[in-house]
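Just below is one structure, and these are the notes that go with it.
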Protein chains: 2
Amino acid sequence: MSATPRPKPTDAASDPRVRILSAAGQEFAERGYEAATVRDICSAAGVNVAAVNYYFGDKHRLYIESVKHAHAERLRQVPQPEWAPGTPAPVKLRDFVGSMLDRMLGGDQPPWQVGLMMRELLQPTEACRELVEDYIRPHFGILLGILDELVGGALPMSELRRIGLSIIGQCFLYRAAGDVVAMLVPTDEIEAFHTPQPIAEHVTRFALAALGIAEPFAIPSLCAVRPLGSPR
Amino acid sequence: MSATPRPKPTDAASDPRVRILSAAGQEFAERGYEAATVRDICSAAGVNVAAVNYYFGDKHRLYIESVKHAHAERLRQVPQPEWAPGTPAPVKLRDFVGSMLDRMLGGDQPPWQVGLMMRELLQPTEACRELVEDYIRPHFGILLGILDELVGGALPMSELRRIGLSIIGQCFLYRAAGDVVAMLVPTDEIEAFHTPQPIAEHVTRFALAALGIAEPFAIPSLCAVRPLGSPR
DNA sequence: AATCGTTTGAAACGCTTGTTTAACCCAGGT
DNA sequence: ACCTGGGTTAAACAAGCGTTTCAAACGATT
């Protein structure tokens, strides 16, 4: 009844509301919902403990708001690339994969906004449906459009979806299980291994090769396609 | 100092120790470390609250033990497939992917053991390194071996690793972000979409096509490979 | 300057958490 | 029969949690 007394008093970052949202997002992202305490959040935001209840009602609604806030903020930070009308589809695919990896992996270290969204994907709560509808489904639609253009409409929608998920899954692994991936790579290679560009290049090439548009990784003898399961 | 009074008094499932481990694993898997309470765990295991401190010292050590227990149990449930000496590499790849997806997605619903391991992968704790060394690295090695055999040793190790991660990532997405994937697929297709076999078939075919061993998904004109970025 | 609604502050309230205590039960050895 | 010691129990413990309280401080309006 007394929540959200006024929408936005000042658009500056000194607004206690956005300070709490930002601090809450970081805390939730790295500690999880249960482990993050409102005391720590308020301490980081420089406000009193009562502020979170005053502005958001309770911890749960603060969490939902912080997820939406993080999502909107990250979308503004790394916008979706736009292409000129004549841009070839393979270039679009490479751009798409590259920007997705940039958004996921960030510059120096993974941005906390994505970490918060990851938690939602892996264990969905109420905020997840909104996240999918506003953020993920449109991006997925763009990817499907690129793929459809790439194969010239030769594949049914169900197969395009599978291929799209194959591309997303490859990128997703580096972000979601990045620490484990790093353990599987020799220590002197992990730095180059976790850089977005090489990953994007590999994923794009892998997908284009699977679609028959780029050269396959191994060329047994050029275009000598053998049936599955034939002995070598 | 009083922990682990005896290793295994009776190998039956009536041992309070394994009852606690099993209940703790399920609780940790679906609620997370912080949200899971020792009271709920002990209630599910049918023991007194003091039992967890008596047998494991504290909650944290119980968690680590339950992760190792779940790992060992799941490894016993779905062992790694073995192949006769002359088995063709593509068949091995398909078997490998299929068993990995079976292990991840399970029969009717995802097994809690894997859910617990997922949490470790996504936010590693002390138990993670052990998990990687004992469980993940050997499996990854097998996959790299299959891939190396598949391309006839034509690719360097670093590239084989990338391809291996591409395969694992595709499967990983369905398990880790399964709920979100389901939201992106029409409701009348999700049942077939989340079944392990079709996924395994797609992932295998995708990888073989990318390697140039199976037919590509789209055949623009048989073997007309165009350079990346050329307009259609 | 007085007033009123809004925002902030320190302290306290229940409640749940992980952990500990101390009594109790019950076989086995002497 | 009596101790003995590992196993189990209910009850209590201190600490930390989210949340509430209520009064003081603030800022614009009259």
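We use all heavy atoms of the structure for the numbers below, so side chains are in, but hydrogens, waters and symmetry mates are not. Residue numbers begin at 1 in each chain, while the letters A, B, ... track the order of the sequences. Here the structure is a predicted model, which is why all the values come from computation and not from measurement.
OP1 or OP2 of D:dT8 sits under 4.0 Å from a side-chain N or O of B:Y55. Phosphate proximity of D:dT8 to B:Y54: absent, as no side-chain N or O sits under 4.0 Å from OP1 or OP2.
Distance A:D58 CG to D:dC17 P: 17 Å, rounded to the nearest Å. If you measure from atom NE2 of A:H60 to atom C1' of D:dT19, you get 16 Å, rounded to the nearest angstrom. Distance, B:E27 CD to C:dG18 P: 11 Å, rounded to whole Å. For the pair B:L62 CG and C:dT19 C1', the computed distance is 14 Å after rounding to whole Å. Here the P atom of nucleotide C:dT16 and the NZ atom of B:K59 are 16 Å apart, to the nearest Å. Atom pair B:F56:CZ and C:dT19:P shows a separation of 13 Å (rounding to whole Å applied). Going from atom CG of B:N53 over to atom P of D:dA10 covers 16 Å, rounded to whole Å.
Across all strands shown, B:A50 has heavy atoms under 4.0 Å from base atoms, whether or not it also approaches the sugar-phosphate.
Listed by first and then second residue, the side chain to side chain donor-acceptor pair (under 3.5 Å) pairs involving residues 191-200 of chain A amount to none (not counting sequence neighbours).
Qualifying salt bridge (Lys or Arg N to Asp or Glu O under 4.0 Å) partners for A:D58, counting only residues two or more places apart in sequence or in other chains: A:R61. For A:E201, the side chain to side chain contact (heavy atoms under 4.5 Å, CB included) partners two or more places apart in sequence, or in a different chain, are A:R94.
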Sequence neighbours excluded and cut-off under 3.5 Å, please list the side-chain donor-acceptor pairs for residues 168-185 of chain A, or say none.
{"residue": "A:Q170", "atom": "OE1", "partner": "B:S166", "partner atom": "OG", "Å": "2.8"}
{"residue": "A:Q170", "atom": "NE2", "partner": "A:S166", "partner atom": "O", "Å": "3.2"}
{"residue": "A:Y174", "atom": "OH", "partner": "B:R162", "partner atom": "NE", "Å": "3.4"}
{"residue": "A:R175", "atom": "NH1", "partner": "A:M104", "partner atom": "O", "Å": "3.0"}

Result block: side-chain N/O donor-acceptor pairs under 3.5 angstrom for residues 117-127 of chain A, not counting sequence neighbours:
{"residue": "A:R119", "atom": "NE", "partner": "A:F28", "partner atom": "O", "Å": "3.3"}
{"residue": "A:R119", "atom": "NE", "partner": "A:A29", "partner atom": "O", "Å": "2.9"}
{"residue": "A:R119", "atom": "NH2", "partner": "A:A29", "partner atom": "O", "Å": "3.4"}
{"residue": "A:R119", "atom": "NH2", "partner": "B:Q123", "partner atom": "OE1", "Å": "2.9"}
{"residue": "A:E120", "atom": "OE1", "partner": "A:T125", "partner atom": "N", "Å": "3.1"}
{"residue": "A:E120", "atom": "OE1", "partner": "A:T125", "partner atom": "OG1", "Å": "3.1"}
{"residue": "A:E120", "atom": "OE1", "partner": "A:C128", "partner atom": "N", "Å": "3.2"}
{"residue": "A:E120", "atom": "OE2", "partner": "A:Y63", "partner atom": "OH", "Å": "2.6"}
{"residue": "A:E120", "atom": "OE2", "partner": "A:T125", "partner atom": "OG1", "Å": "2.7"}
{"residue": "A:Q123", "atom": "OE1", "partner": "B:R119", "partner atom": "NH2", "Å": "3.0"}
{"residue": "A:Q123", "atom": "NE2", "partner": "B:E30", "partner atom": "O", "Å": "3.1"}
{"residue": "A:T125", "atom": "OG1", "partner": "A:A127", "partner atom": "N", "Å": "3.4"}
{"residue": "A:E126", "atom": "OE2", "partner": "A:H60", "partner atom": "NE2", "Å": "3.4"}

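Side chain to side chain, B:H139 and B:Q80 meet the donor-acceptor criterion of an N or O pair below 3.5 Å.
Residues from residues 34-49 of chain B lying near DNA chain C, meaning a heavy-atom separation below 4.0 Å, are B:A36, B:T37, B:V38, B:R39 in numerical order.
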